[in-house]
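Some notes on the structure that comes next.
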Amino acid sequence: QVQLVESGGGLVQAGGSLRLSCAASGSGFSINAMGWYRQAPGKQRELVATITSGGSTNYADSVKGRFTISRDNAKNTVYLQMNSLKPEDIAVYYCTCTARVLWQGVRVYWGQGTQVTVSS
């Protein structure tokens, strides 16, 4: 199976920056797309950004121009660089990926989530 471990969340002042990291570990797997979702209190989980194995990216309109998603395929790690943070960005951020495990089909995996808080 695949395990996703997130790091980098915390408290940041409005206008500040933060970088989230998510590393995949395990054996006998091959990752396809990776991405980030977030969920604010009382809200539905929403897409933040995705990136394919070839490097194509997609962003939610609310974060375009402020957030950048990237990945290091050699390390099986995805990053989310967040700049110009706003109180509206407060949420639990979840890492996700699609991966093929040996002798299995393609499955979706999720991290445990990391809290991002922005003070105004």
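Atoms considered below: every heavy atom in the structure, side chains included; atoms not considered: hydrogens, waters and symmetry mates. All figures in this text were calculated on a predicted structure; none of them were measured in a lab.
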- Check whether Val12 and Ile90 end up in the same hydrophobic cluster, where Ile, Leu, Val, Met, Phe, Trp and Tyr are linked by side-chain heavy atoms less than 4.5 Å apart. yes
- Examine the side chains of Asn83 and Ser17 and answer whether a donor and an acceptor come within less than 3.5 Å of each other. yes
- Do you see a donor-acceptor pair shorter than 3.5 Å between the side chains of Arg38 and Tyr93? yes
[atom1] of [X] to [atom2] of [Y]: how many Å apart, nearest 0.5 Å?
X      : Y      : atom1 : atom2 : result
Phe67  : Leu18  : CZ    : CG    : 9.0 Å
Leu102 : Ser27  : CG    : OG    : 7.5 Å
Glu6   : Thr96  : CD    : OG1   : 9.5 Å
Asp72  : Ser21  : CG    : OG    : 10.5 Å
Gln13  : Ser119 : CD    : OG    : 5.0 Å
Glu46  : Ser62  : CD    : OG    : 5.5 Å

- Message: Looking at Asp61 and Lys64, is there a salt bridge between them, counting it only when a charged N and a carboxylate O are closer than 4.0 Å?
- Response: yes
- Note on the structure: Paired with Met82, the side-chain contact (heavy atoms from CB on, under 4.5 Å) test is passed by just one of Val63, Thr68, Val116, namely Val116
- Assess whether side chain to side chain contact (heavy atoms under 4.5 Å, CB included) is satisfied between Cys97 and Leu4, documenting all intermediate values. CA-CA 9 Å; Cys97 76; Leu4 299 176; 4.1 Å; yes
- In sequence, state the C-alpha distance, the side-chain angles, and the governing distance for Ile31 and Asn76, and then conclude on side chain to side chain contact (heavy atoms under 4.5 Å, CB included). CA-CA 8 Å; Ile31 295 176; Asn76 284 326; 4.0 Å; yes
Which atom pair, heavy atoms only, marks the closest approach of [X] to [Y]?
X      : Y      : value
Gly113 : Tyr94  : CA-CD2, 3.6 Å
Ala40  : Ala91  : N-CB, 3.8 Å
Ser70  : Ile51  : CA-CD1, 4.0 Å
Ala99  : Tyr109 : CB-CE1, 4.1 Å
Val106 : Arg100 : CG2-NH2, 3.3 Å
Leu85  : Arg66  : CA-NH1, 4.0 Å

- Item | Exceeds 12 heavy-atom contacts within 6.0 angstrom, atom CD of Gln1 | no
- Query: Checking Arg19 against Tyr79: charged group under 6.0 Å from the ring centre and within 45 degrees of the axis?
  - Reply: yes
- Message: Would Arg45 and Trp110 count as a cation-pi pair here, with the cationic atom under 6.0 angstrom from the ring centre and within 45° of the axis?
- Response: yes
- Heavy-atom donor-acceptor pair, Ser53 side chain to Ala33 backbone, under 3.5 Å: no
- Message: Is there a side chain to side chain contact (heavy atoms under 4.5 Å, CB included) between Cys95 and Val78? Walk through the geometry before answering.
- Response: CA-CA 8 Å; Cys95 173; Val78 63; 3.8 Å; yes
- Task: Check the pair Thr114 / Val92 against side chain to side chain contact (heavy atoms under 4.5 Å, CB included), numbers first and verdict last.
- Result: CA-CA 5 Å; Thr114 185; Val92 176; 6.0 Å; no
- Query: Would a 4.5 Å heavy-atom cut-off, applied to side chains only, mark Trp36 and Ile69 as touching?
  - Reply: yes
